[in-house]
Amino acid sequence: MPVRTIDWVDGAVELVDQTLLPDKLVTLRIHTVGELIEAIQRLAVRGAPALGVAGALGVVLADGDPGRIAALRAARPTAVNLAWGVDRAAAHLNGGREAVLAAALKVRDDDIAACRAMGERGADLLEGDRLRIMTVCNTGGLAAVERGTALGVVQTLHERGRLAEVLALETRPLLQGARLTTWELARMGAPHRLIADSAGPYLLAKGGVDAVLIGADRIAANGDTANKIGSYALALGAERAGVPFVVVAPESTIDQGTPSGEHIEIEDRGPGEIVTVRGVRVAPEGTQASNPAFDVTPHDLISAIVTEQRVIRP
Ligand code: MRU
């Protein structure tokens, strides 16, 4: 059964608390914008498409309060989908709560359809029958509503019997790859191995990968793509190894208002996540640290961008 990552149920937002996975599958009920912002900032709900749905449903909880809507819109800066989802629902404020809810549910339903379409288009694009795919972070159903973006392509390949193996980067510091992507791949029954982030470029150079598939948090008008930290290193490794580097993301992640990558705000999540691993300190007390949560891959390193509507070759 597919897990529904985020939904509107009986007058509240329900979402899977992703901080507890893979150990526990717990659903939170969220009744206020404050609770939703807290859930977004501690990454209980995360991933660009899921943040778009969270933003849209959050406007229903905001009851038209412009301050609460603005705070929700700014809860995380890099994934454009959050602001996009808020704006999609807020455009219906004049129609009252029912109109806002209908718009938010459409954002949810459009995501389900878009992920299915991206999965098929991405699988059609890749050549070969026994594909070895490398990916970073989590771009599966947990990052969207039911199926994911890059991991949605993996799922479609698996369903078509064309997937040999997934190499999933663990994705320090918050381990979305180790905790979430492996959990989803195991539920799919898809063969996979977990690798350290720093092993990615080496394994590409060794020739063990047919394509790198990643998601996106914001794609600038020129194709430069912000995604989870570590994506750029994979793009460089893929270019050197002659391996296709494919971004899979919905049209809502393309931000025509941002001309190029240097204009994308990169979220800095502070030193705490670097000097500790799941609450255990790994560096000497007082160590300074830097924690950009995303990086930007320049468009000339991207072989293709697959959306629900088209394949773009930047
Ligand atoms: O910090 P996160 O976990 O929200 O980062 C998520 C990513 O970087 C994903 O790759 C991106 O949002 C695309 S999800 C389909």
Side-chain angles (χ1 to χ4, degrees), residues 2-21 25-93 97 100-115 137-149 152 174 176 180 215-218 226-228 249-253 255 267 269 293-294:
V3 171
R4 200 165 257 208
T5 301
I6 180 163
D7 208 347
W8 181 263
V9 182
D10 297 334
V13 176
E14 284 196 356
L15 53 88
V16 172
D17 184 346
Q18 299 186 35
T19 64
L20 301 178
L21 284 170
L25 180 58
V26 173
T27 299
L28 298 177
R29 270 182 76 73
I30 306 267
H31 297 93
T32 67
V33 175
E35 288 167 3
L36 184 59
I37 291 174
E38 198 249 355
I40 289 171
Q41 291 180 337
R42 67 184 183 87
L43 271 53
V45 59
R46 47 146 299 279
L51 290 174
V53 178
L57 293 175
V59 177
V60 186
L61 298 179
D63 273 333
D65 179 325
R68 285 200 282 251
I69 292 172
L72 174 63
R73 199 175 183 281
R76 288 188 80 193
T78 304
V80 68
N81 303 63
L82 175 60
W84 171 89
V86 168
D87 293 347
R88 280 273 298 253
H92 296 267
L93 282 168
R97 186 181 161 96
V100 173
L101 178 58
L105 295 180
K106 178 150 172 32
V107 171
R108 175 200 66 189
D109 294 343
D110 286 354
D111 178 76
I112 295 171
C115 285
C137 197
N138 170 267
T139 60
L142 288 169
V145 178
E146 280 186 3
R147 288 169 83 96
T149 60
L174 294 181
Q176 289 93 330
L180 308 176
D217 287 85
R218 189 182 296 245
N227 190 53
K228 181 53 58 192
E251 292 282 333
S252 52
T253 304
D255 179 12
E267 178 181 6
R269 293 188 57 82
F294 303 95

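The first residue of the sequence shown is numbered 1, and numbering continues consecutively from there. Below, all heavy atoms of this structure are taken into account, side chains as well, without hydrogens, waters or symmetry copies.
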Would you give the length of the straight line joining atom [atom1] of [X] to atom [atom2] of [Y], rounded to the nearest 0.5 angstrom?
X: L101; Y: H92; atom1: CG; atom2: NE2; answer: 11.5 Å
X: L36; Y: I30; atom1: CG; atom2: CD1; answer: 6.0 Å
X: T5; Y: L142; atom1: OG1; atom2: CG; answer: 4.5 Å
X: T19; Y: L174; atom1: OG1; atom2: CG; answer: 10.5 Å
X: R147; Y: D111; atom1: CZ; atom2: CG; answer: 12.0 Å

Practice problem: Walk me through it: do D7 and R108 pass the test side-chain contact (heavy atoms from CB on, under 4.5 Å)? | Solution: CA-CA 8 Å; D7 208 347; R108 175 200 66 189; 2.7 Å; yes
Is [Y] close to [X] at the side-chain level, that is, under 4.5 Å between some pair of heavy atoms?
X: V145; Y: P49; answer: no
X: V53; Y: V45; answer: no
X: N138; Y: K228; answer: no
X: L105; Y: L57; answer: yes
X: W8; Y: V13; answer: yes
X: E14; Y: R4; answer: no

Could you work out, with salt bridge (Lys or Arg N to Asp or Glu O under 4.0 Å) as the rule, every residue matching [X], not counting sequence neighbours?
X: R97; value: D63
X: E267; value: R76, R269
X: R68; value: D65
X: D255; value: R218

Quiz item: For T253, what residues pass the side chain to side chain donor-acceptor pair (under 3.5 Å) criterion, not counting sequence neighbours?
Solution: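 Partners of T253 by the side chain to side chain donor-acceptor pair (under 3.5 Å) criterion, ordered by chain and then number, come out as N81.
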Practice problem: List in chain and number order the residues that pass side chain to side chain donor-acceptor pair (under 3.5 Å) with D217, two or more places apart in sequence or in another chain; answer none if no residue qualifies. | Solution: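 Expected list: none.
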Practice problem: Kindly indicate, with the supporting measurements, whether the criterion side-chain contact (heavy atoms from CB on, under 4.5 Å) is fulfilled by D110 and E251. | Solution: CA-CA 11 Å; D110 286 354; E251 292 282 333; over 6 Å; no
Quiz item: Sub-3.5 Å donor-acceptor pair from the side chain of Q18 to the main-chain atoms of L43, do we have one?
Solution: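 Not at all, since once roles are kept as given, no pair shorter than 3.5 Å links the two residues.
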Residue pair [X] / [Y]: nearest heavy atoms and the distance that separates them:
X: L82; Y: G55; value: CD1-CA, 3.8 Å
X: V86; Y: I69; value: CG1-CG2, 3.6 Å
X: T78; Y: A226; value: CG2-CB, 4.1 Å
X: A75; Y: I40; value: CB-CG2, 4.0 Å
X: A44; Y: D17; value: CB-OD1, 3.5 Å
X: C115; Y: G148; value: CB-O, 3.4 Å

